[in-house]
Amino acid sequence: MVLGAGCGRGVDTANSLATALKRNGIEYQVIESVDVDDFSHAKIDEAIALKGDNLRLEIFRIEDEKTYKLFVVSWLLLGAAETKVQQRLPGRPDVYSKRPFVIIIRKEPQKGHVKEVLKRILPEQEG
């Protein structure tokens with residue numbers, strides 16, 4: 001159980017979210033900056049990657065309303081495409097979003113575990 005990190009209290013930066021994840025059992029060894037130069041028209045405030053044994057996730061903090069909505073809507077469109085073809089698109093990671101964060105889960109030791117922890121830290125809004 002984590003005190004002070006539930007319901008998003010004290011989680012207002014990508015690093016504070018990374019710390020809350022670690023306190024809740026998500027083990028990583030490396031935090032790296034994510035290169036967002038390819039997102040020239042997007043306003044991304046912070047972007048970090050957490051890496052560990054069988055773990056790779058990216059945390060984006062996006063305060064700009066338009067950029068945040070673009071990220072979420074693009075994810076919803078991918079989901080709609082999957083529904084239409086009735087299968088998951090190859091290589092598509094899981095995503096969890098709760099304003100201002102978008103978390104991309106590329107690899108995890110146990111399927112669904114990171115999302116469950118995120119639900120405790122940042123109650124689900126979208127994604």
Side-chain angles (χ1 to χ4, degrees):
M1 195 54 132
V2 171
L3 301 174
C7 301
R9 287 183 307 230
V11 178
D12 54 2
T13 67
N15 282 323
S16 64
L17 180 53
T19 299
L21 285 166
K22 187 163 255 190
R23 282 194 309 241
N24 279 273
I26 302 299
E27 293 297 324
Y28 56 87
Q29 288 76 39
V30 178
I31 298 179
E32 297 177 345
S33 294
V34 173
D35 182 9
V36 293
D37 290 340
D38 289 344
F39 300 106
S40 59
H41 298 293
K43 296 178 184 173
I44 298 171
D45 299 281
E46 289 181 278
I48 61 172
L50 307 181
K51 295 179 179 180
D53 294 335
N54 294 313
L55 180 76
R56 163 84 184 179
L57 60 99
E58 289 133 25
I59 299 172
F60 294 89
R61 185 175 61 83
I62 305 169
E63 298 288 344
D64 179 68
E65 182 78 16
K66 182 179 176 185
T67 301
Y68 183 84
K69 283 183 178 178
L70 285 172
F71 263 77
V72 172
V73 167
S74 66
W75 202 253
L76 292 173
L77 289 173
L78 282 174
E82 288 179 339
T83 299
K84 186 168 184 141
V85 298
Q86 298 180 348
Q87 69 180 27
R88 189 163 176 96
L89 297 172
R92 180 175 180 242
D94 286 331
V95 171
Y96 186 90
S97 64
K98 170 69 186 224
R99 198 166 271 130
F101 298 107
V102 174
I103 299 97
I104 300 174
I105 306 162
R106 298 195 181 277
K107 188 175 183 184
E108 60 186 323
Q110 183 180 8
K111 181 81 171 141
H113 181 66
V114 171
K115 218 174 217 187
E116 287 303 314
V117 171
L118 285 166
K119 287 178 183 180
R120 288 194 307 262
I121 297 169
L122 304 169
E124 191 167 18
Q125 179 177 322
E126 303 152 17

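Just so you know, these numbers use all the heavy atoms, side chains as well, and skip hydrogens, waters and symmetry mates. Residue numbers start at 1 and run along the sequence shown.
- In terms of the side chain to side chain donor-acceptor pair (under 3.5 Å) criterion, residue partners of Glu46 (sequence neighbours excluded) are, by chain and number, Arg61.
- Atom CZ in Arg99 sits 10.0 Å away from atom CD in Glu63 (nearest 0.5 Å).
- For Thr13, the side chain to side chain donor-acceptor pair (under 3.5 Å) partners two or more places apart in sequence, or in a different chain, are Ser16.
- Asp64 contributes no side-chain N or O that, together with a main-chain N or O of Lys43, makes up a donor-acceptor pair within less than 3.5 Å.
- Under the side chain to side chain donor-acceptor pair (under 3.5 Å) criterion, Glu32 pairs with Lys51, not counting sequence neighbours.
- When the side chain to side chain donor-acceptor pair (under 3.5 Å) test is applied to Lys66, no partner is found at least two apart in sequence or on another chain.
- Heavy-atom minimum distance, Lys111 versus Asp94: NZ-OD2, 2.5 Å.
- Closest of all the heavy-atom pairs between Ile31 and Ala18 is CD1-CB, 4.3 Å.
- The side-chain contact (heavy atoms from CB on, under 4.5 Å) search around Asn54 returns Lys107, Pro109, not counting sequence neighbours.
- For the pair Tyr28 (side chain) and Leu21 (backbone), a donor-acceptor distance under 3.5 Å is absent.
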>> If you apply the rule side chain to side chain contact (heavy atoms under 4.5 Å, CB included), what do you find for Ile48 with Leu17, and how did you get there?
In response: CA-CA 10 Å; Ile48 61 172; Leu17 180 53; over 6 Å; no
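- Closest non-hydrogen pair, Pro93 versus Ile105, comes out as CB-O, 3.2 Å.
- Under the 4.5 Å side-chain criterion, counting only non-hydrogen atoms from C-beta, Ile26 is in contact with His113.
- The 12-atom threshold is exceeded at NZ of Lys22, counting heavy atoms of other residues, nucleotides or ligands nearer than 6.0 Å.
- Between Asn24 and Leu118, the closest side-chain pair of non-hydrogen atoms is not below 4.5 Å.
- No continuous path of ILVMFWY side-chain contacts below 4.5 Å connects Tyr68 to Leu70, so the two sit in separate hydrophobic clusters.
- Salt bridge absent: Glu116 and Arg120 never bring a charged side-chain N and a carboxylate O closer than 4.0 Å.
- Between Lys115 and Ile103 there is no side-chain heavy-atom pair separated by less than 4.5 Å.
- Looking at residues two or more places apart in sequence or on another chain, you find a ring pair (Phe, Tyr, Trp, His ring centres under 6.0 Å) between Phe60 and Phe71.
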